[in-house]
Amino acid sequence: MKKKFYVTTPIYYPNDKLHIGHAYTTTLADYISRYKKMQGYETMFVTGSDEHGQKIQDKAKEKNQDPLKFVTNIINEFKNLWDKLGIDNDVFIRTTDKIHMDYVKKSFTELSEKGFIYKSKYEGMYCKTDESFYTETQLNDGKCPDCGKVVSKISEESYFLKISDFKEWIKEKLLNNNLLIPSYRVSELVNNFINELKDLSITRTSFDWGIKINEDNLHVIYVWLDALQNYITALLYPNSKFTIDEVWSKDSKVELLQLVGKEITRFHCIYWPVILKMKNYREPKVLAHGWLVTDSGEKMSKSKGNVIDPIKLIETYGRDALRFYLINNIITGEDGKFSNELIEGMINGLLVNKYSNLVARTDAMVNKYFEGIVPSKKVDLKEYREMKIDLNKIKKQYITYMDNYEFSNSTKELVKYVEEINGFIDKTEPWKKEGDELETILNHLVNEIYNISTMISPILIDSYKKVYVWLGEKEIPSFKNLDKDFAKTKLSKVEHLFSRI
Ligand code: MSP
């Protein structure tokens with residue numbers, strides 16, 4: 001039976017267009033999903049939109065629009081962006097879809113009946129931008145610790161989820177169960193949130209753009225209980241490949257990865273595991289990544305007005321270059337800079353000089369000396385031997401990085417590989433060679449380009465295809481098919497891969 005892999009991104013708020021930070025999370029998810037497919041997994045990849053809440057209701061009102069109509073327009077832009085970026089998700093879940101809403105209502109009843117929900121009064125400091133409550137001690141100079149905006153004191157009747165009953169349980173899970181990677185974020189959570197863990201307010205009466213509970217028609221479900229359950233309800237959609245039980249039951253064999261930005265780790269590594277536990281399901285596995293920051297180190301966010309539109313970047317640089325920058329240049333887990341200069345430097349220095357040129361030079365030589373037909377390996381070349389290219393070792397190292405979700409290290413391994421092959425050209429100077437030696441050099445080059453392009457295919461989704469067309473390769477990329485010999489293949493015309501900026 002095929003191994004199974006379930007990967008999710010947060011569902012994004014449709015209060016505005018998405019920016020490069022959102023594109024980052026989704027690109028990482030797409031990368032791991034395509035990689036797992038190459039490893040022979042059956043994968044399911046979910047992304048979507050988190051459409052309820054006061055912030056959205058207010059924004060729609062500002063525009064004089066019905067909230068559903070307002071968000072639907074924005075969601076079409078989300079889908080357009082994912083399409084342009086080559087995001088291959090199976091389900092796009094909207095929290096306003098009936099499938100999701102029905103489940104969340106039922107879930108409220110189920111959790112009430114199990115005794116996990118009670119009604120009381122909430123008094124606290126609320127940040128409208130982040131839709132979350134903070135205790136006085138969590139505030140920064142009286143302002144929201146996440147976005148820095150002014151918070152307001154709120155007092156209203158609310159239903160609560162008994163999170164605090166699970167304080168010791170979640171602490172133990174966080175400390176011992178590898179629930180969150182990178183692990184250095186665990187102590188942050190334990191120190192800042194677990195010790196003060198309170199029950200979670202899960203309904204509101206102050207706005208009505210939300211899922212109404214069956215039990216009390218004044219209350220709508222507050223966003224996080226609504227939103228987090230998308231990771232369950234996505235499995236009820238017609239396009240779902242797996243069932244809820246398959247993914248979430250305690251004895252599930254499905255591998256799981258939930259990508260989130262570091263600022264929402266708290267919700268995914270405290271509240272979410274507890275909600276799952278209340279339902280008698282397994283724990284999640286969360287990878288928290290850092291932020292994309294400007295050159296001066298400031299977080300990119302809509303509220304700061306310093307965001308970059310990914311659609312424009314795709315139009316300027318192409319999606320392969322953008323995907324590669326996000327995965328390779330931002331150390332997974334840490335904050336990383338993004339600017340036009342930085343991506344242009346990466347494109348010229350790496351994608352053009354090292355990869356695209358390697359293909360172009362090899363193509364030119366095979367055409368010039370052998371009329372476009374890949375020659376055979378004739379001799380055992382000293383220069384090749386000395387490089388000690390060990391494909392199995394490279395593959396193993398690459399796979400280890402990927403299986404540990406060290407995405408930026410995985411590409412470094414491939415960059416090293418490309419550099420070695422370029423070094424091989426410099427050392428052998430094929431244009432000065434002839435006969436068996438020349439044939440052997442060019443044969444090696446074509447075969448290595450195939451290996452590199454295959455391993456990089458989950459990121460460079462258009463470029464690898466151009467290389468495959470050039471080689472007449474019809475198979476879909478797979479680790480099983482590496483190390484082929486293209487001797488005697490008639491090369492097609494190669495489409496240009498990357499241009500110097
Ligand atoms: N709707 C909630 C998530 C609910 S999930 C059950 C939400 N939405 S959001 O639209 O604000 O998007 C949050 C995600 O966007 C974060 O996980 C983070 O990945 C990403 N980013 C937003 N700005 C970012 C950067 N500047 N850099 C990297 N990612 C950031 O929170």
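Atoms within each ligand, like the ligands themselves, are counted from 1 in listed order.
Contact residues of ligand 1 (protein heavy atom closer than 4.0 angstrom to a ligand atom; sorted by chain and number): P10, I11, Y12, Y13, H19, G21, H22, T25, D50, W224, A227, L228, N230, Y231, V260, G261, E263, I264, H268, H289, G290, W291, L292, K299, M300.
Residues Y355 and L350 are not in side-chain contact: their nearest non-hydrogen atoms beyond the backbone lie 4.5 Å or more apart.
The pair R34-D30 meets the salt-bridge criterion, since a charged nitrogen lies less than 4.0 angstrom from a carboxylate oxygen. Comment: D403 engages K36 in a salt bridge, judged by a side-chain N to carboxylate O separation of less than 4.0 angstrom.
A cation-pi geometry, defined here as NZ or CZ lying under 6.0 Å from the six-membered ring centre and within 45° of its normal, does not hold between R94 and F78. Cation-pi geometry between K277 and F166 is not met at under 6.0 angstrom from the ring centre and within 45 degrees of the axis.
Contact record, P273 with H268: CD-O, 3.2 Å, taken as the closest heavy-atom pair.
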